[in-house]
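Everything on this sheet refers to the single structure shown next.
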There are 2 protein chains.
Amino acid sequence: MKGEAAKLNETRDRFVAQWGVMGTQWGINRTMAQIHALLMTNPEPMSTDEVMEELHISRGNAHTNLKELVNWGLLRIVTRKGERKEYFEAELDVWEIFRRIVKERKRRELDPALDLLEDCMTESKGMTTAGGRAFHEQMKSLEEFVHFASKMSDRVGSMPHGKTMKLALKLFG
Amino acid sequence: MKGEAAKLNETRDRFVAQWGVMGTQWGINRTMAQIHALLMTNPEPMSTDEVMEELHISRGNAHTNLKELVNWGLLRIVTRKGERKEYFEAELDVWEIFRRIVKERKRRELDPALDLLEDCMTESKGMTTAGGRAFHEQMKSLEEFVHFASKMSDRVGSMPHGKTMKLALKLFG
DNA sequence: CATCTCTTTCAGTAATTATCGAAACTTCAA
DNA sequence: TTGAAGTTTCGATAATTACTGAAAGAGATG
């Protein structure tokens, strides 16, 4: 009969491994997703060396991805008194995780698209041929939509948890 | 002085090229995003050969990505009477584009995560150690959130065009 | 049933992205 | 200072993903 501790380890390992696989499908790299999963399910903050050992990865890889997760706001750096080493702990609140991801993705995905669309709209403004006008209209529709999505992201990012959920339910419930 | 047609071509080429670059940042490949941009801004449906020529890509590449876009529901295959060749035309309605993307991403990203989380929840149910309980709670929180997101996606997918957008715009200004 | 037109597949190659491992750098304390 | 402990960088390599080009397949038509 398997002990609870053993079963927990096993389940957790599976979670970490699979979360990594999924990460690759969401466009983030495997290691980053694995580290995130590892830290979300570790009761204590972990050091770079502990992460390296747990996932069997190199120091460079661990370092790069830990720092990237800190940039995303998904991990915090913590220190222990009297120690120089840095430890990392995960944000555990799911709404907060969601907000950080929304914010980062907006910055990376929506903002550049908006710039491009605005530019194409301006360039094609006042065109008189059928093709030119159709192009302008399409750019305008896309711009309006992305602009809308962008605004929504901002709102989500600056809204207290419960409220966001209520609003979402109101819109879609 | 540049003619309107020349300027349109130039702007459109820039749109296609940049949309491609952005595609890579959204986790879809450059060619797929470029083809999508090309067809969204082409007044007529295009054949595989026309796409190949316009983007300077191979037949295999064009074929694969056209079919992938059809799978996503972002392109339709159309035929001309008396011709055997297939032509492709883009869905132009932004709300419809959004719905197709949401639906596809839910299937690829949310559903597998849900399976994993449900499984981890079940496995850790009833654990008694502090670590086991914490793990179970974290899995539960994540599961609840992803489940909620999944439901939201379904709602979006079955909502009439424009209606939600208008309501949301009203609420968000 | 031979051939023409168009579509699909796929093995090989190119391009991109992730990872390693070691060296360089930084900081602190003896 | 010097060295120990820890962090960061980076060139080389591995792994993954995208693309090509050619060949095979699938219908239609005479």
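Chain identifiers are assigned alphabetically (A, B, ...) following the order of the sequence lines, protein sequences preceding nucleic acid strands; residue numbering begins at 1 within each chain. All heavy atoms count here, side chains included; hydrogens, waters and symmetry mates do not.
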The correct set of residues in residues 55-67 of chain B placing a heavy atom under 4.0 Å from DNA chain C is Arg59(B), Gly60(B), His63(B), Lys67(B)
Students should find this one: the first and last nucleotides of DNA chain C, 5' to 3', lying under 4.0 Å from a heavy atom of chain B. What are they?
dT5(C) to dT16(C)
Arg107(A) with Glu104(A): basic N within carboxylate O range, under 4.0 Å
yes
Could you check whether Arg100(B) pairs with Glu96(B) (Lys NZ or Arg NE/NH1/NH2 to Asp/Glu carboxylate O, under 4.0 Å)?
yes
Between Asp49(A) and Thr24(A), just flag the one whose closest nucleotide in DNA chain D comes earlier from the 5' side.
Asp49(A)
With sequence neighbours excluded, what pairs up with Arg76(A) under the salt bridge (Lys or Arg N to Asp or Glu O under 4.0 Å) test?
Glu89(A), Glu91(A)
If you count the non-hydrogen atoms of other residues, nucleotides and ligands that lie under 6.0 Å from CD in Glu4(A), is the total more than 12?
yes
Check the distance between [N]'s [atom2] and [X]'s [atom1] and give it to me in whole angstrom.
X        : N       : atom1 : atom2 : result
Ile77(A) : dT8(D)  : CD1   : P     : 7 Å
Asn29(B) : dA18(D) : CG    : P     : 5 Å
Glu86(A) : dA5(D)  : CD    : P     : 17 Å
Arg80(A) : dA5(D)  : CZ    : C1'   : 16 Å

So which pairs with a foot in residues 14-37 of chain B pass salt bridge (Lys or Arg N to Asp or Glu O under 4.0 Å), sequence neighbours left out?
Asp119(A)-Arg14(B)
Any residue meeting ring pair (Phe, Tyr, Trp, His ring centres under 6.0 Å) with Phe15(A), in chain and number order, not counting sequence neighbours:
Trp19(A)
By ring pair (Phe, Tyr, Trp, His ring centres under 6.0 Å), Tyr87(A) pairs with (sequence neighbours left out) none
Any side-chain N or O of Arg30(B) less than 4.0 Å from the OP1 or OP2 oxygen of dT17(D)?
no
Record whether the side chain of Arg84(A) comes under 3.5 Å of the base of dA5(D) through a donor-acceptor pair of N or O atoms.
yes
Does the Thr122(B) side chain pair with the main chain of Glu118(B), one donor and one acceptor, at a distance under 3.5 Å?
yes
